[in-house]
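These notes concern the structure reproduced below.
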2 protein chains.
Amino acid sequence: MGEGIGSVEKAGRVGWKQDPEGVRSNIVAVAMAEFAQNGLSGARIDEIAAKTLTSKRMIYYYFGDKEGLYRTVLEEAYRKVRSGEQELDLEHLEPDAALARLVEFTFDHHSSNPDFIRIVMIENIHHGAYLEQSDLIATMNEGAIRKLEQICARGRAAGLFRPEIEPLELHWMISALSFFNVSNRPTFSRIFGAALFRPDGQKILRGHAVEMVMRFVMA
Amino acid sequence: MGEGIGSVEKAGRVGWKQDPEGVRSNIVAVAMAEFAQNGLSGARIDEIAAKTLTSKRMIYYYFGDKEGLYRTVLEEAYRKVRSGEQELDLEHLEPDAALARLVEFTFDHHSSNPDFIRIVMIENIHHGAYLEQSDLIATMNEGAIRKLEQICARGRAAGLFRPEIEPLELHWMISALSFFNVSNRPTFSRIFGAALFRPDGQKILRGHAVEMVMRFVMA
DNA sequence: CCAACAATGTACGGGGCGGTTAATTATGTC
DNA sequence: GACATAATTAACCGCCCCGTACATTGTTGG
């Protein structure tokens, strides 16, 4: 958060400088936080504008309407998150170590990007209606499967993994455990206590996630 | 849906009959569908009233305001769902069979109650703020853990399960797989295709959920 | 049968909020 | 340096939608 604001300053804007990219990215950053916090219909354009370094008019100038802004935020959220995933190099690890590493990474990654999780939750509430209009996102996520395919192929070749393991189904499992851990934290902790979501509890759950996946794939 | 309407009739209400319970439950039923569909801020009181057999005035008469109605819907959703869980008798099954059965039941149960899932999603978006005000729900859910505790104890005693297995953590896993399968269906299927969510795909995922849990707990 | 109260219907107000209009200032171009 | 165009501002509009005031009709108890 707070990134991409550039050198724009709000106070003392007497004779302003033009900075389209800065204004644009500033709006998106603020809007992402607001949408993540309040949902599509819950977010207020006036509120977003107020927290921006610019005015409400600019939102409509660049994004047309509320939904246009939301779509942009959605794409940006996916882009920002997926970009962090590329740093991971799993090729030099043994298949089992690589898979364990991937699970740990996904778990931590989701955990440290709650706003992304919330945006995806909101998008699911809307039946994925806005995601549908963006083919950019679909292509981005294919890369996530690619990594799993390679690990599975190597694991199968080494006789470590069961041959019938499907990468997509594996991805479903890993996502489920990592996503739920963040998305349902409020209700789960309200009902069953917050211990599992404090640091040591999270370490346990992360370990369980790894162990579940590993036990599942192992021959 | 459509339950609890009773004998109230909308058309031809010339000389109306008083039916507080019928009116009340009818409002809640309609509101649950609307909130599940559109969220708290997305749902429209006028829309709810229109789909009701009564008038908007009654909503405020019985529930005070929009949030009061939402709280009632939330409690009712939990009550309705948990009530279906009691039918399951696991005591006469071997611990491993009982656990597998519980996973299957939870998976199917979530799958066939999408409106409940959506309400919980919405509540999580609101940080569980409304759940907090209801201790009824917390006590109701303790029963869900109770079943797992008994299964674990028996499994451990029989030497089938690992001794360090924690019932609450087990519940977390089972919930994660079952919940995610419904909650993230729109985005997941939009990105990776809908095959996993068609009947045969669901059978596979359900089997994987069972297998993951079983392999995890087994000694 | 008649209060007194509970339950319901109708109509309306007020403000929040998405979106717009018109003017004003910067920036690039010939 | 003048002109076209992009970027930005401030004020404003209209309607959607939550909530309410008031009237009206059942219900119940003495």
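Small disclaimer: the values here were computed from a predicted structure and weren't measured.
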In whole Å, what is the span from the [atom1] atom of [X] to the [atom2] atom of [N]?
X	N	atom1	atom2	answer
A/I59	D/dT8	CD1	P	13 Å
A/Y61	C/dT21	OH	C1'	15 Å
A/Y70	C/dG18	OH	P	15 Å
A/L53	D/dT8	CG	P	11 Å
A/I48	C/dG16	CD1	C1'	15 Å
B/F63	C/dA7	CZ	P	12 Å

Looking at every non-hydrogen atom in both residues, tell me the closest pair between A/R118 and B/N124 and how far apart they are. NH1-O, 3.8 Å
With a 4.0 Å cut-off, would you call A/E104 and A/R101 a salt bridge? no
May I ask you to evaluate whether A/S55 reaches the phosphate of D/dA10, defined as a side-chain N or O under 4.0 Å from OP1 or OP2? no
Could you tell me whether B/F216 and A/F216 have their ring centroids closer than 6.0 angstrom? no
Sidechain-backbone polar pair: B/K66 side chain, B/A43 backbone, donor-acceptor under 3.5 Å: yes
For nucleotides 11-23 of chain D, read 5' to 3', which letter fits each nucleotide if B means a protein heavy atom sits under 4.0 Å from the base, S means only the sugar-phosphate is that close, and - means neither? ------SBBBBB-
Heavy atoms only, 4.0 Å cut-off, all strands: where does A/Y62 land among base, sugar-phosphate and nothing? sugar-phosphate
Got a sec, which pairs hit salt bridge (charged side-chain N to carboxylate O under 4.0 Å, His left out) with one end in residues 29-43 of chain A, sequence neighbours left out? A/E34-A/K51
If we count only N and O atoms by modelled type, under 3.5 Å, do the side chains of A/E75 and A/Y130 hold a donor and an acceptor together? no
